[in-house]
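Only one structure is covered here, and it is reproduced in the block below.
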Amino acid sequence: MRRHPRRGEAGREVSVAPKAPSKRGAEVGRRIGVGLMYGLWKPRVLGAWKVPVSGPVILAVNHSHNIDGPMVIGVAPRASHFLVKKEAFIGPLGPAMHALGQVEVDRSTADRTAITRALDVLSSGGVLGIFPEGSRGEGDFASLRSGLAYFAVRSGAPVVPVAVLGSTDRPGRLIKGLPPLRSRVDVVFGDPFEAGDGSGRRTRSALDEATVRIQKQLTAHLENARRLTGRPENAGRPAER
């Protein structure tokens, strides 16, 4: 855990733990997200009732468009704290995202401050949002990083798979980088599941096994979400340019 030095009474350096993400800020972010997502597009939300009403939860979201995170923040039944790449915290947007309870993460290294903050969210009974693919891509859960497994096994929090479909069907006319205004975007929440094997092991092999288990669950959920919404096989993937 990265700590910042501060001088104590005797002139010694003492450690200060990184500030935990704001719960109130996350709730404000959810309310802003509700207004923006429902005002600009037409979200169709399925299975939101499957998200546990209390206690720690990890939302595992596929990621093919920049609006996927804000969309889930706006339609999820509980306020959430997403792990967001540090490159998004630029200019005035950075302080705003911190104030809204989002967690900045440096993907180029083992960011101990981000890890501590994310675990703080879960230990306090909050909702942590993760893009398990690590970055925006096909959005098909085909390649997962081990971060999701680590947080799930370490915290014991259930994982809720989330599929966002329709955000990349076609570019908008006014803003090419966004879906067309008032177009439909489907968000499908799946059944919560435990990532660990129940043994409590946190070894590398245990995390590898958990990652395989998670990938199977997320892939199955994505296939089911496509059937429920009538989306084609390539739904959720970046449109060809």
Side-chain angles (χ1 to χ4, degrees), residues 21 23-65 67-83 100-103 118 121-133 139-141 144 148-149 151-153 155-167 179 182-196 198 210 213-231 235-236:
K23 293 182 180 180
R24 178 177 296 181
E27 178 56 34
V28 172
R30 188 185 74 82
R31 295 178 183 180
I32 293 174
V34 169
L36 287 177
M37 297 303 110
Y38 283 94
L40 297 176
W41 295 284
K42 294 181 179 179
R44 179 173 62 170
V45 184
L46 303 175
W49 57 270
K50 296 180 179 180
V51 178
V53 297
S54 62
V57 178
I58 298 175
L59 301 180
V61 186
N62 69 322
H63 194 25
S64 57
H65 197 285
I67 73 160
D68 295 339
M71 182 64 69
V72 175
I73 289 174
V75 305
R78 295 174 58 185
S80 54
H81 308 262
F82 267 77
L83 281 170
L100 296 177
Q102 305 312 304
V103 182
V121 167
L122 296 172
S123 65
S124 63
V127 179
L128 180 67
I130 296 179
F131 298 115
E133 295 160 290
D140 56 4
F141 294 126
L144 304 189
L148 173 54
F151 288 118
V153 172
S155 69
V159 177
V160 173
V162 185
V164 180
L165 304 173
S167 58
R182 307 307 296 158
S183 63
R184 196 186 82 198
V185 177
D186 293 321
V187 182
V188 185
F189 294 86
D191 295 313
F193 65 90
E194 301 293 333
R213 194 176 299 113
I214 289 170
Q215 187 168 36
K216 289 181 179 178
Q217 293 277 3
L218 299 187
T219 300
H221 171 66
L222 183 58
E223 294 174 354
N224 185 55
R226 286 172 176 157
R227 287 193 296 269
L228 287 174
T229 60
R231 294 282 183 177

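- At a threshold of 4.5 Å between non-hydrogen side-chain atoms, the residues P43 and M71 count as touching.
- Distance alone, capped at 3.5 Å, is enough to place a donor-acceptor pair between the W41 side chain and the P179 backbone.
- Sorted pairs that involve residues 52-61 and meet salt bridge (Lys or Arg N to Asp or Glu O under 4.0 Å), not counting sequence neighbours, are lacking altogether.
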Exercise answer: donor-acceptor pairs, residues 122-129 side-chain atoms, under 3.5 Å, sequence neighbours excluded:
residue: S123; atom: OG; partner: L119; partner atom: O; Å: 3.2
residue: S123; atom: OG; partner: D120; partner atom: O; Å: 3.0
residue: S124; atom: OG; partner: D120; partner atom: O; Å: 3.0
residue: S124; atom: OG; partner: V121; partner atom: O; Å: 3.0

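- Taking the salt bridge (Lys or Arg N to Asp or Glu O under 4.0 Å) definition, one finds that E27 meets it with R30, R31, sequence neighbours left out.
- Residues passing the side chain to side chain contact (heavy atoms under 4.5 Å, CB included) test with A220, sequence neighbours excluded: none.
- Of all heavy-atom pairs spanning A210 and A149, the tightest one is CB-CB, 4.0 Å.
- Among residues two or more places apart in sequence or in another chain, the salt bridge (Lys or Arg N to Asp or Glu O under 4.0 Å) test is passed with R213 by none.
- Between the side chain of E133 and the main chain of H63, a donor-acceptor pair closer than 3.5 Å is present.
- With hydrogens and angles disregarded, no donor-acceptor distance shorter than 3.5 Å links the side chain of H65 to the backbone of V164.
- Qualifying side chain to side chain contact (heavy atoms under 4.5 Å, CB included) partners for V103, counting only residues two or more places apart in sequence or in other chains: P21, H81, L83, A114, R117.
- In this structure, R24 has no side-chain hydrogen bond (donor to acceptor under 3.5 Å, both in side chains) partners at least two apart in sequence or on a different chain.
- Residues meeting the salt bridge (Lys or Arg N to Asp or Glu O under 4.0 Å) test with R78, sequence neighbours left out: none.
- When the side chain to side chain contact (heavy atoms under 4.5 Å, CB included) test is applied to R227, the partners found at least two apart in sequence or on another chain are E223, N224.
- Applying the salt bridge (Lys or Arg N to Asp or Glu O under 4.0 Å) test to residues at least two apart or on different chains, none of the pairs has a partner in residues 55-65.
- The ring pair (Phe, Tyr, Trp, His ring centres under 6.0 Å) test applied to F82 returns F131, not counting sequence neighbours.
- Between V45 and P77, the closest side-chain pair of non-hydrogen atoms is not below 4.5 Å.
- Listed by first and then second residue, the salt bridge (Lys or Arg N to Asp or Glu O under 4.0 Å) pairs that reach into residues 50-65 are K50-D191, sequence neighbours excluded.
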